[in-house]
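The next block holds one structure in the form of structure tokens; read it before the comments.
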Amino acid sequence: LRSAMAEERPLAMVTCTAPVNIAVIKYWGKRDNDLILPINSSLSVTLHQDQLKTTTTAATSRDFTADRLWLNGEEVDVEHPRLRACLQEVRRLARKRRDGGAEDAAPLNLSYKIHVATENNFPTAAGLASSAAGYACLVSVLAWLYGVEGELSEVARRGSGSACRSMLGGFVQWQRGERPDGRDSIAQQVAPETHWPELRILVLVVSGEKKQVGSTAGMQSSVDTSPLLKHRAEVVVPERLALMMRHIRERDFEGFGQLTMQDSNQFHATCLDTFPPIFYLNDLSRHIIALAHRFNAHHGCTKVAYTFDAGPNAVIFTLADTVAEFVEVVRCSFPPTTNGDQFVQGLPVGSAALPEELLAAVVMEPVPGAVRYILHTKPGPGPQVVDEPSQHLLGADGLPRCRA
Ligand code: DP6
């Protein structure tokens with residue numbers, strides 16, 4: 001029945017979703033720019049797609065005359081080299097599978113053009129790493145479309161380094177690998193998303209971002225000029241990775257939180273050590289860092305851990321029993337000026353009354369409006385196929401649907 005339908009239907013279509021991930025041991029620096037091979041291994045937590053996800057639909061048909069791609073409804077250039085690399089690699093794997101004689105392999109004609117539509121359920125302007133989820137989603141959807149299985153993180157890596165970690169759920173390591181061809185530079189799950197049920201993530205989306213140096217250019221400049229980055233990659237990260245894996249295995253928040261903050265700080269130190277220096281942290285980031293340390297000092301242990309990537313948003317790791325209190329601390333420190341009712345989004349947050357001594361010790365010089373909103377989420381699974389045809393982003397004509 002399946003193949004009969006495939007023959008009758010001019011259009012084959014698949015939709016997938018993929019998650020965002022946040023590194024706790026950072027990737028910064030490539031040893032091969034074309035293959036996107038890193039100078040050090042990294043480790044991340046995959047965030048739940050109920051709060052943050054990319055959705056991508058891919059279709060192929062003999063009627064299509066060109067490969068086309070729509071991003072949030074706008075058509076974009078498909079000649080982007082990283083996009084081409086991903087597409088080429090999936091098609092190569094499909095061809096290999098077909099030529100290898102797999103029975104169900106490549107039911108589709110690989111020379112047909114494809115149409116791809118992709119969108120995020122969060123504003124791209126929020127500055128949340130969307131390229132990782134985007135490339136993970138693209139590679140997943142193409143793999144499903146062409147019936148390719150197996151090691152796909154290697155393909156996602158060709159889109160964006162951090163994207164390879166979004167190919168798996170839970171706690172994920174990207175192994176730097178040794179081979180010049182990158183075949184061993186892949187993502188591996190360290191623990192599934194169910195491993196640490198109390199772990200929570202708060203994304204503090206900040207206001208007034210300005211243009212900054214992108215990751216790709218920034219890390220290249222760091223590789224070229226920072227002696228600290230070289231030391232970090234050779235000496236510090238290998239030690240930290242082993243330690244971080246142990247903290248995760250043992251669900252040791254004290255160890256996990258400390259190391260997460262230290263590794264974020266060292267990444268930003270390598271940015272300052274880059275010449276000319278790169279600054280991703282700003283006054284508000286430093287304010288949030290100081291706040292987290294005062295909060296932990298007040299409690300006498302690590303209750304919250306911050307991490308910052310190549311942008312101004314802060315990501316806070318904490319445990320479920322601390323969320324309500326810390327959210328209240330953030331609300332008092334950065335009183336919302338508009339949309340006070342939408343200040344907290346995502347998973348529900350209980351209410352907490354802050355004890356006087358906590359307020360006095362932790363909340364200093366409030367900065368109204370500096371944090372736009374807080375997104376509450378938790379670890380989640382890897383890419384998913386969407387079975388519901390009504391969720392396709394492309395219509396039966398292979399063009400983006402007008403969505404209500
Ligand atoms: C600071 O994966 O965006 O977020 O490989 O050039 O596409 P390219 O870079 P990208 O870099 C992410 C850097 C980071 C740290 C991390 O996610 O590990």
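Quick caveat: nothing in here was measured; it's all calculated off a predicted structure. Ligands are counted one by one from 1 in listed order, and the atoms in each one are counted from 1 as well. We're numbering straight along the sequence, starting at 1.
The shortest distance between side-chain heavy atoms of Val14 and Tyr146 does not fall below 4.5 Å. With contacts defined as side-chain heavy-atom distances shorter than 4.5 Å, the pair Tyr373/Gln342 does not qualify. Counting heavy atoms from C-beta outward, Asn21 and Val172 have side chains that stay 4.5 Å or more apart. Two residues are said to be in side-chain contact when any heavy atoms from C-beta on lie closer than 4.5 Å; Arg157 and Leu35 meet this criterion. By the 4.5 Å heavy-atom criterion applied to side chains, Val367 and His287 are counted as neighbours.
Checking Arg165, Arg157, Met219, Lys30 against atom 17 (O) of ligand 1, the nearest heavy atom belongs to Arg165.
Listed by first and then second residue, the salt bridge (charged side-chain N to carboxylate O under 4.0 Å, His left out) pairs that reach into residues 341-367 come to none, sequence neighbours excluded.
Atoms of ligand 1 found under 4.0 Å from any heavy atom of Ala23, numbered from 1 in the order shown, are 16 (C), 17 (O), 18 (O). Near Gly161, with a cut-off below 4.0 Å to any heavy atom, the atoms of ligand 1 are 2 (O), 5 (O), 7 (O), 8 (P). Within the listing of ligand 1, atoms 6 (O), 7 (O), 8 (P) sit less than 4.0 angstrom from a heavy atom of Arg82. Below 4.0 Å from some heavy atom of Ile36 lie the following atoms of ligand 1, by number and element: 5 (O). Residue Ser160 has at least one heavy-atom neighbour below 4.0 Å for each of these atoms of ligand 1: 2 (O), 3 (O), 5 (O), 7 (O), 8 (P), 10 (P).
Between the side chains of Arg232 and Thr270, no donor N or O sits under 3.5 Å from an acceptor N or O.
For Phe267, the closest heavy-atom approach to ligand 1 falls below 4.0 Å.
At a 3.5 angstrom cut-off on N or O pairs, Tyr27 counts as close to ligand 1.
For Ser162, heavy-atom contacts with ligand 1 shorter than 4.0 Å involve the backbone as well as the side chain.
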